[in-house]
Amino acid sequence: METTYRDRTEAGNVLADRLNSLAGRSDVTVLGLVRGGVPVAAAVADRLDAPLDVLVVRKLGLPAAPELAFGAVGPGGLRVLNDEIADRLDPAEVEEVVRVETAELERRERRYREGRPPLRLDNRVAVIVDDGLATGATARAAVGVARQLGARRVVLAVPVGAPEAYALLSETADEVVCPQRPAGFGAVSRFYDDFHEVSDAEVVAVLTGSG
């Protein structure tokens with residue numbers, strides 16, 4: 001049965017109930033996908049008594065169809081490519097998309113980290129949290145980035161997701177926690193009463209504990 005969440009915090013609390021086996025462990029890091037996943041992740045981290053950080057991932061979209069991804073870039077110059085698609089593209093086009101998205105990623109990293117050290121996940125259990133799973137392209141890239149950053153185990157946690165995306169991520173992540181997987185998914189916003197666009201300022205406030 002489909003239900004809506006009041007807001008991202010309530011959604012995070014529902015996820016935390018499903019992640020209770022990770023509560024209190026010293027090897028867990030909760031990562032909010034920027035930007036909408038951060039308030040959800042904050043609620044999860046609070047309930048699990050785990051450190052909260054952000055994972056900035058920028059999808060690399062096809063030049064003629066930006067919503068379709070051929071890969072993603074992550075912190076520290078990490079690049080995850082779907083070679084099957086990327087190899088069919090003009091290398092110059094690929095590099096231009098990478099350049100643009102890397103510049104935006106670096107801008108966000110500067111804003112969100114504000115002097116904090118680079119993200120390290122060596123031998124950690126990374127719990128990647130977003131506010132929903134539509135195509136799964138960004139989440140799939142995020143799982144790849146977390147592994148490259150050294151995560152021992154990667155758990156993806158989302159309050160709601162398209163069944164097809166859930167199936168895709170179940171092959172990529174070690175575990176996917178997704179309480180709602182309705183047929184005829186539509187858009188993530190359908191499942192929230194409050195689905196305002198999360199601002200850079202809101203992300204910084206959550207990370208610094210002032211939000």
Side-chain angles (χ1 to χ4, degrees), residues 2-16 18-19 29-48 50-61 66-69 72-75 101 104-105 107-114 119 126-146 154-162 164-166 168-169 172-173 176-182 185-211:
E2 292 183 18
T3 60
T4 58
Y5 300 104
R6 184 171 62 251
D7 54 21
R8 290 179 174 91
T9 298
E10 182 183 55
N13 284 326
V14 170
L15 282 180
R18 305 293 184 99
L19 294 163
T29 297
V30 177
L31 302 166
L33 280 185
V34 172
R35 288 181 293 219
V38 174
V40 188
V44 171
D46 185 57
R47 289 275 302 278
L48 298 186
L52 170 68
D53 213 317
V54 289
L55 185 55
V56 183
V57 173
R58 295 294 296 176
K59 186 169 67 175
L60 300 173
E67 71 281 1
L68 298 176
V73 288
E101 295 301 341
E104 175 60 14
L105 181 141
R107 181 197 72 79
R108 292 189 178 200
E109 279 274 297
R110 285 193 300 272
R111 179 76 195 275
Y112 304 149
R113 305 209 75 79
E114 293 201 336
L119 179 61
V127 181
I128 299 173
V129 180
D130 206 355
D131 53 15
L133 197 61
T135 67
T138 302
R140 186 180 186 187
V143 171
V145 168
V154 181
V155 178
L156 176 70
V158 290
V160 62
E164 301 81 7
Y166 172 82
L168 173 73
L169 268 299
T172 306
V176 181
V177 175
C178 182
Q180 293 196 68
R181 303 187 294 276
F185 178 77
V188 173
S189 58
R190 281 182 52 212
F191 300 92
Y192 287 84
D193 295 331
D194 174 4
F195 195 70
H196 68 276
E197 184 173 349
V198 176
S199 66
D200 282 347
E202 187 175 345
V203 172
V204 172
V206 168
L207 292 174
T208 58
S210 59

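Only this structure's heavy atoms are used, side chains among them; waters, hydrogens and symmetry mates stay out.
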Flag, side chain of D7 to backbone of E10, donor-acceptor distance under 3.5 Å:
yes

Sequence neighbours left out, what pairs pass salt bridge (charged side-chain N to carboxylate O under 4.0 Å, His left out) with at least one residue falling in residues 33-45?
R35-E197, R35-D200

Contacts of type side chain to side chain donor-acceptor pair (under 3.5 Å), residue D46, not counting sequence neighbours:
none

Answer whether the closest heavy-atom distance between the side chains of V158 and L169 falls below 4.5 Å.
no

Closest non-hydrogen atom pair between A72 and A141, with its separation
CB-CB, 3.1 Å

Within-4.5 Å side-chain heavy-atom neighbours: Y112 and V204:
yes

State, to 0.1 Å, how close A165 and L133 come at their nearest heavy-atom pair, and which atoms those are.
CB-CG, 3.7 Å

Just so I know, are the side chains of P75 and L55 near enough to count as touching, which here means a heavy-atom distance under 4.5 Å?
yes

Between A41 and V30, what is the shortest heavy-atom contact and its length?
O-CG1, 3.6 Å

Here the gap from L52 atom CG to L207 atom CG, rounded to the nearest 0.5 Å, amounts to 5.5 Å

Rounded to the nearest 0.5 Å, the CD1 atom of I128 sits from the OG1 atom of T29 at a distance of 11.0 Å

So CZ of R107 and CZ of R58: to nearest 0.5 Å the spacing works out to 8.5 Å

Would you call the rings of F191 and F185 parallel, tilted or perpendicular, where under 30° means parallel and over 60° means perpendicular?
parallel

Atom CZ of R140 with >12 non-hydrogen neighbours under 6.0 angstrom:
no

Keeping the roles fixed (side chain from R18, backbone from C178), state whether a donor-acceptor pair exists under 3.5 Å.
no

Side chain to side chain donor-acceptor pair (under 3.5 Å) filter on Y166, not counting sequence neighbours, yields none

Restricting to non-hydrogen atoms, name the atom on V127 and the atom on A157 that form the minimum distance, rounded to 0.1 Å.
CG1-CB, 4.3 Å

Could you tell me the separation between the OG1 atom of T172 and the CG atom of L156, rounded to the nearest 0.5 Å?
9.5 Å

For the student: nearest non-hydrogen atoms of L48 and A16, plus distance:
CD2-O, 4.3 Å

Side-chain heavy atoms of E202 within contact of V38, under 4.5 Å
no

What distance separates D194 CG from T4 OG1, expressed to the nearest 0.5 Å?
11.5 Å

Are V198 and D131 close enough that some pair of their side-chain heavy atoms sits under 4.5 Å apart?
no

If I compare all heavy atoms of S189 with all of F195, which pair ends up nearest, and what's the gap?
CB-CD2, 3.5 Å

Hey, does V54 have a side-chain heavy atom less than 4.5 Å from the side chain of R113?
yes

Under the salt bridge (charged side-chain N to carboxylate O under 4.0 Å, His left out) test, residues paired with D130 that sit two or more places apart
none

Sorted by chain and residue number, the side chain to side chain donor-acceptor pair (under 3.5 Å) partners of E164 (sequence neighbours excluded) come out as none

Pairing residues for R181 by the side chain to side chain donor-acceptor pair (under 3.5 Å) criterion, not counting sequence neighbours:
none

Measure the shortest side-chain to side-chain distance between P159 and V14 over non-hydrogen atoms and say whether it is less than 4.5 angstrom.
no

